[in-house]
Amino acid sequence: GAHIDLGLPEGPVRQYSVWDWDPAGRWFNIAVKREAEGRGGSRAVHDLTPGALVEVGEARNHFGLGETDRHITLLAAGIGATPIFPMARTLQMARADFQVHYLARRVEEAAFDKAFRSLDLGERYHLHCSAAAGRIDLVALLQRLPAGSDVYVCGPEGLLQAVFDAGRVL
């Protein structure tokens, strides 16, 4: 869930989630979806050339994992996959009881599907494509969770609100 400030040439400073990194601190990866109608940060990142200088702020984490001794469900949509992926990797390494639900409209838009599959999560990984399967039934998903489970969600505001609304139904 950690993120950094990236100071781009010509001024914009944007925050991006770190989704992969070298434990020795020599490199890290961020994911940036190019948004033609965005505020300019995604275009500026995509226009960078090898050797371009950028300012990188210290990583900080306001969305970290808590206790891992109970069942955890990770729910990601869109760019929300960037902080959820390292959580899944951490939980996999800890041999924790968890599952991942990654939501996308179509499989072609599921940019992190390959990364999640690389973790070899088996039945603990679920890709839900709404164009083929309709909207995910969040109430049913939450009802199936073991008592005392934790749920971590990252994605568009509509998803966050839908999870809160589903939780109120229970």
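Quick caveat, the model's predicted, so the values are computed rather than measured.
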So for atom [atom1], which belongs to [X], do other residues, nucleotides or ligands contribute more than 12 heavy atoms lying within a distance under 6.0 Å?
{"X": "L53", "atom1": "CG", "result": "no"}
{"X": "Q161", "atom1": "CD", "result": "yes"}
{"X": "E55", "atom1": "CD", "result": "no"}
{"X": "R105", "atom1": "CZ", "result": "no"}

Is [Y] close to [X] at the side-chain level, that is, under 4.5 Å between some pair of heavy atoms?
{"X": "L103", "Y": "R135", "result": "no"}
{"X": "Y152", "Y": "P83", "result": "no"}
{"X": "S149", "Y": "D97", "result": "no"}
{"X": "H126", "Y": "Q99", "result": "yes"}
{"X": "F98", "Y": "T68", "result": "no"}
{"X": "L138", "Y": "L75", "result": "yes"}
{"X": "T82", "Y": "Y16", "result": "no"}
{"X": "D20", "Y": "W27", "result": "yes"}

Between [X] and [Y], what is the shortest heavy-atom contact and its length?
{"X": "V18", "Y": "F28", "answer": "CG1-CB, 3.9 Å"}
{"X": "L8", "Y": "A44", "answer": "CD1-CB, 3.6 Å"}
{"X": "H128", "Y": "A133", "answer": "CE1-CB, 3.7 Å"}
{"X": "F63", "Y": "C154", "answer": "CE2-CB, 3.9 Å"}
{"X": "I4", "Y": "E58", "answer": "CG2-C, 4.3 Å"}
{"X": "E67", "Y": "D150", "answer": "O-OD2, 4.2 Å"}

### Message
Can you see whether T73 engages H71 through a side-chain donor-acceptor pair at a distance of less than 3.5 angstrom?
### Response
yes
### Message
The test is side-chain contact (heavy atoms from CB on, under 4.5 Å); show your working for E109 and K33 and say whether it passes.
### Response
CA-CA 11 Å; E109 296 175 14; K33 180 179 179 182; over 6 Å; no
hydrophobic_cluster_shared for [Y] and [X], side chain cutoff 4.5 Å:
{"X": "F85", "Y": "V153", "answer": "no"}
{"X": "W19", "Y": "M87", "answer": "yes"}
{"X": "V107", "Y": "F112", "answer": "yes"}
{"X": "L91", "Y": "L141", "answer": "no"}
{"X": "I79", "Y": "I30", "answer": "no"}

### Task
May I have the step-by-step check of salt bridge (charged side-chain N to carboxylate O under 4.0 Å, His left out) for D113 and R117, ending in yes or no?
CA-CA 6 Å; D113 182 49; R117 290 185 189 282; 3.0 Å; yes
### Task
Give the C-alpha distance, both sets of side-chain angles, the deciding distance and a yes or no for side-chain contact (heavy atoms from CB on, under 4.5 Å) between L6 and V13.
CA-CA 5 Å; L6 190 64; V13 174; over 6 Å; no
### Query
Is the Y125 ring parallel, tilted or perpendicular to the Y102 ring (thresholds 30°, 60°)?
tilted
Approximate separation, where rounding is to 0.5 Å, of [X] [atom1] and [Y] [atom2]:
{"X": "H101", "Y": "L127", "atom1": "NE2", "atom2": "CG", "answer": "11.5 Å"}
{"X": "R89", "Y": "Q92", "atom1": "CZ", "atom2": "CD", "answer": "11.0 Å"}
{"X": "R124", "Y": "L74", "atom1": "CZ", "atom2": "CG", "answer": "10.5 Å"}
{"X": "Q143", "Y": "L145", "atom1": "CD", "atom2": "CG", "answer": "9.5 Å"}
{"X": "C129", "Y": "I136", "atom1": "SG", "atom2": "CD1", "answer": "10.5 Å"}

